[in-house]
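Please read the structure below before turning to the comments.
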Amino acid sequence: RKFEIKMNENHLVSLAARERHPFAVEHASQDPRVGKKWVKTLKSRSLFTVPLINKDRVVGVLLLDECRYFRKFTAEEIERTAEMAGQIAIGIENAIIHHSVSQHRERLQTLSSAIVNVQEEERRRIAKKLRNDSSAALTKIQEDLTWLNANISDPDPEMKRHLERA
């Protein structure tokens, strides 16, 4: 079942969050802070809410609902539940942090992969350019040596031998 509770309403849940303390209701159907739809749908008799607070931040509201009979929640029950609510709030915050860290880790892995792909592509591009440039330079040198060999008149024997070898 889904209930939408707006924070600006005077519903027990939003009051607990805004005012940051527990609220107990012995007769839900008679309390204006409990919606009629809530009572009708969930058959609520008595209930109480406790804000889930961690590091001065409300991360949720715990609502305990008694559907069998009307009852007054004791101060000890409310106090114990408030203590548990602190632990629950820490657990929720830890889950939120864990989820955030997981998302950031995924994003970093994606970016890292993209960087590696770009680096590999750049290496291939540079290697191809170096091969092409080297090949063109060597071809030009070979042509120049062939031209020198053909056009130098009477080179000394050692020069002739070097030109032919090249």
Side-chain angles (χ1 to χ4, degrees), residues 1-23 33-35 37-38 40-42 44 47-65 78-166:
R1 296 174 190 136
K2 184 176 178 181
F3 289 92
E4 186 175 316
I5 300 170
K6 295 181 173 70
M7 287 304 294
N8 62 351
E9 293 178 348
N10 282 331
H11 190 278
L12 214 55
V13 172
S14 53
L15 284 171
R18 279 198 321 266
E19 297 186 19
R20 297 169 170 250
H21 66 81
F23 284 93
R33 299 172 300 178
V34 181
K37 180 180 176 185
W38 185 282
K40 182 180 179 185
T41 305
L42 298 177
S44 296
L47 50 91
F48 79 93
T49 57
V50 180
L52 302 174
I53 301 171
N54 185 39
K55 297 179 184 172
D56 204 39
R57 180 175 166 233
V58 177
V59 296
V61 175
L62 177 65
L63 184 137
L64 296 157
D65 193 359
I78 294 171
E79 186 180 320
R80 252 195 252 146
T81 305
E83 288 172 8
M84 286 189 304
Q87 297 302 311
I88 293 167
I90 290 169
I92 290 171
E93 282 289 326
N94 287 344
I96 290 168
I97 290 168
H98 182 271
H99 180 71
S100 177
V101 167
S102 294
Q103 284 183 321
H104 283 85
R105 186 176 293 132
E106 265 183 45
R107 181 77 175 128
L108 284 173
Q109 287 174 342
T110 300
L111 291 173
S112 179
S113 241
I115 288 170
V116 167
N117 289 341
V118 167
Q119 287 174 333
E120 288 175 0
E121 184 58 37
E122 185 64 10
R123 282 189 196 110
R124 283 192 290 274
R125 188 189 66 75
I126 289 170
K128 183 177 179 181
K129 182 167 177 28
L130 285 173
R131 278 193 308 274
N132 291 346
D133 290 353
S134 299
S135 178
L138 289 173
T139 300
K140 179 68 174 137
I141 290 170
Q142 181 65 42
E143 289 170 357
D144 290 346
L145 289 172
T146 301
W147 182 87
L148 282 173
N149 192 25
N151 293 308
I152 291 182
S153 56
D154 285 334
D156 70 11
E158 188 173 336
M159 182 186 272
K160 179 91 170 150
R161 195 173 32 141
H162 280 291
L163 286 171
E164 287 171 353
R165 202 174 51 181

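Because only heavy atoms are used, hydrogens play no part in the values below, and waters and symmetry mates are left out as well, while side chains stay in.
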Closest approach of Pro51 to Ala85 (non-hydrogen atoms, all atoms of both residues): O-CB, 3.8 Å
Qualifying residues under side chain to side chain donor-acceptor pair (under 3.5 Å), relative to Glu19, sequence neighbours excluded: His21
N/O donor-acceptor pair under 3.5 Å between Ser14 side chain and His11 backbone: yes
Approximate separation, where rounding is to 0.5 Å, of Phe23 CZ and Leu15 CG: 5.0 Å
Non-neighbouring partners of Gln109 that pass side-chain contact (heavy atoms from CB on, under 4.5 Å), sequence neighbours left out: Arg105
Salt bridge (charged side-chain N to carboxylate O under 4.0 Å, His left out) contacts in which one or both residues fall within residues 47-56, not counting sequence neighbours: Arg20-Asp56
Validation row: Arg123, Ile126 side chains within 4.5 angstrom (heavy atoms): no
Intermediate values then yes/no, salt bridge (Lys or Arg N to Asp or Glu O under 4.0 Å), Arg125 and Glu122: CA-CA 5 Å; Arg125 188 189 66 75; Glu122 185 64 10; 2.5 Å; yes
Within residues 87-100 or reaching into it, pairs that qualify as side-chain hydrogen bond (donor to acceptor under 3.5 Å, both in side chains) - sequence neighbours excluded: Arg57-Glu93, His99-Gln103, Ser100-His104
By salt bridge (Lys or Arg N to Asp or Glu O under 4.0 Å) - contacts of Lys128 (at least two apart): none
Between CD on residue Gln142 and CH2 on residue Trp147, distance to nearest 0.5 Å: 15.0 Å
Between CG on residue Leu64 and OG on residue Ser44, distance to nearest 0.5 Å: 11.0 Å
Those residues that, when tested against Lys40, pass salt bridge (Lys or Arg N to Asp or Glu O under 4.0 Å) (two or more places apart): none
Qualifying residues under side-chain contact (heavy atoms from CB on, under 4.5 Å), relative to Glu121, sequence neighbours excluded: Arg124
Residues forming a side chain to side chain donor-acceptor pair (under 3.5 Å) with Asp133, sequence neighbours excluded: Lys129
Minimum side-chain heavy-atom gap Trp38-Leu12 below 4.5 Å: no
For Ile78, side-chain contact (heavy atoms from CB on, under 4.5 Å) partners two or more places apart: Pro22, Ala24, Phe48, Phe73
Spacing of Leu63 atom CG and Thr49 atom OG1 [to the nearest 0.5 Å]: 6.0 Å
Ala89: side-chain contact (heavy atoms from CB on, under 4.5 Å) partners, not counting sequence neighbours: Leu52, Asn54, Val59
Those residues that, when tested against Glu143, pass salt bridge (Lys or Arg N to Asp or Glu O under 4.0 Å) (two or more places apart): none
Sequence-distant partners of Arg33, salt bridge (Lys or Arg N to Asp or Glu O under 4.0 Å), two or more places apart: Asp31
Flag side-chain contact, heavy atom, 4.5 Å: Ile115 against Ser112: no
Of Val50, Thr81, Leu62, Ile53, the residue whose pairing with Ile88 passes side chain to side chain contact (heavy atoms under 4.5 Å, CB included): Leu62
